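What you see is a predicted model, and the numbers here were worked out from it, not measured in a lab. Basis for what follows: all heavy atoms, side chains included, without hydrogens, waters or symmetry-related copies.
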Amino acid sequence: MKILLISDNTWVKESLEKYLDFDHELTHMKEYTIVEDYFDYIFVDMQVQNNGGPSIIRELKRSDSTKNSFIVLLADRDADEIQAKRVESNGFMVKPITKSKINNFFNLN
């Protein structure tokens, strides 16, 4: 499974790596640039440097290479779910990332 994380927070990357205990390939971008490869899952932090996560998701949804990826907004609070829905992200997860959230998200229970 190919997974992309777009986040400038090291602790977000470390948390995701820690709990992805199944066969995967994780690519990490500290700032958003055009994504030309297909990824099964793309996790986008709520704020990545000067870019808002929702605007990054809009760009990913328009791109031929990523429009069919499962895109998840990593939010700061539950209320951010409204923005995730507005940009039509496929998923939503409130940080911090935990083992139970990953298991629930990937249906690994």
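Going from atom OG of S7 over to atom NZ of K13 covers 10.5 Å, rounded to the nearest 0.5 Å. With rounding to the nearest 0.5 angstrom, the CZ atom of R86 is 11.5 Å from the CG atom of L73. The distance from atom CG of D45 to atom CG of N9, rounded to the nearest 0.5 Å, is 5.0 Å. Atom-to-atom distance recorded for I57:CD1 and E88:CD is 11.0 Å, nearest 0.5 angstrom. H24 contributes atom NE2, which lies 7.0 Å from atom CD of E17 (distance to the nearest 0.5 angstrom). Note: L4 CG to T66 OG1 = 9.0 Å, rounded to the nearest 0.5 Å.
Cluster membership for L26 and V12, using ILVMFWY side-chain heavy atoms within less than 4.5 angstrom, is shared. The cluster map of Ile, Leu, Val, Met, Phe, Trp and Tyr, joined by side-chain heavy atoms under 4.5 Å apart, puts L20 and W11 in the same cluster. Hydrophobic clustering, with ILVMFWY side chains joined whenever heavy atoms are under 4.5 angstrom apart, groups V87 together with I42.
Using a 4.5 Å heavy-atom threshold, the side chains of E31 and N50 count as separate. Put simply, the side chain of I6 does not reach to within 4.5 Å of the side chain of N51, judged on heavy atoms.
Without hydrogens or angle criteria, S69 side chain to I71 main chain gives no donor-acceptor distance under 3.5 Å. Within the 3.5 Å criterion, the main-chain N or O of T10 finds no donor-acceptor partner in the side chain of K30. Distance alone, capped at 3.5 Å, places no donor-acceptor pair between the Q83 side chain and the K85 backbone. Under the 3.5 Å distance criterion, the side-chain polar atoms of S89 are left unmatched by any main-chain donor or acceptor of P54.
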Legend entry - Intermediate values then yes/no, side chain to side chain contact (heavy atoms under 4.5 Å, CB included), K18 and I97: CA-CA 9 Å; K18 180 178 181 179; I97 298 168; over 6 Å; no
Inset, instruction - Please lay out, stage by stage, how D76 and K95 fare under the test side chain to side chain contact (heavy atoms under 4.5 Å, CB included). - result: CA-CA 6 Å; D76 297 322; K95 298 178 288 189; 2.8 Å; yes
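The aromatic rings of Y41 and F106 lie perpendicular to each other, with more than 60° between the two planes, well past the 30° mark.
In this structure, K99 forms no cation-pi arrangement with Y19, as its terminal cationic atom is not both closer than 6.0 Å to the ring centre and no more than 45° off the ring axis.
Exactly one of D80, V44, L16, L5 qualifies for a side chain to side chain contact (heavy atoms under 4.5 Å, CB included) with L74. That residue is L5. When each of F43, F39, Y38, F105 is paired with F70, the ring pair (Phe, Tyr, Trp, His ring centres under 6.0 Å) condition holds for F105 and for no other.
Open room surrounds CD on E36; 12 or fewer heavy atoms of other groups in view lie less than 6.0 Å from it. More than 12 heavy atoms of other residues, nucleotides or ligands sit less than 6.0 Å from atom NZ of K2.
In this structure, V94 belongs to a hydrophobic cluster whose other members, linked by side-chain heavy atoms under 4.5 Å apart, are F92.
Between N90 and K61 the shortest heavy-atom distance is OD1-NZ, 3.2 Å.
Take E59 and apply the side chain to side chain contact (heavy atoms under 4.5 Å, CB included) test, not counting sequence neighbours, and it matches Y32, R62.
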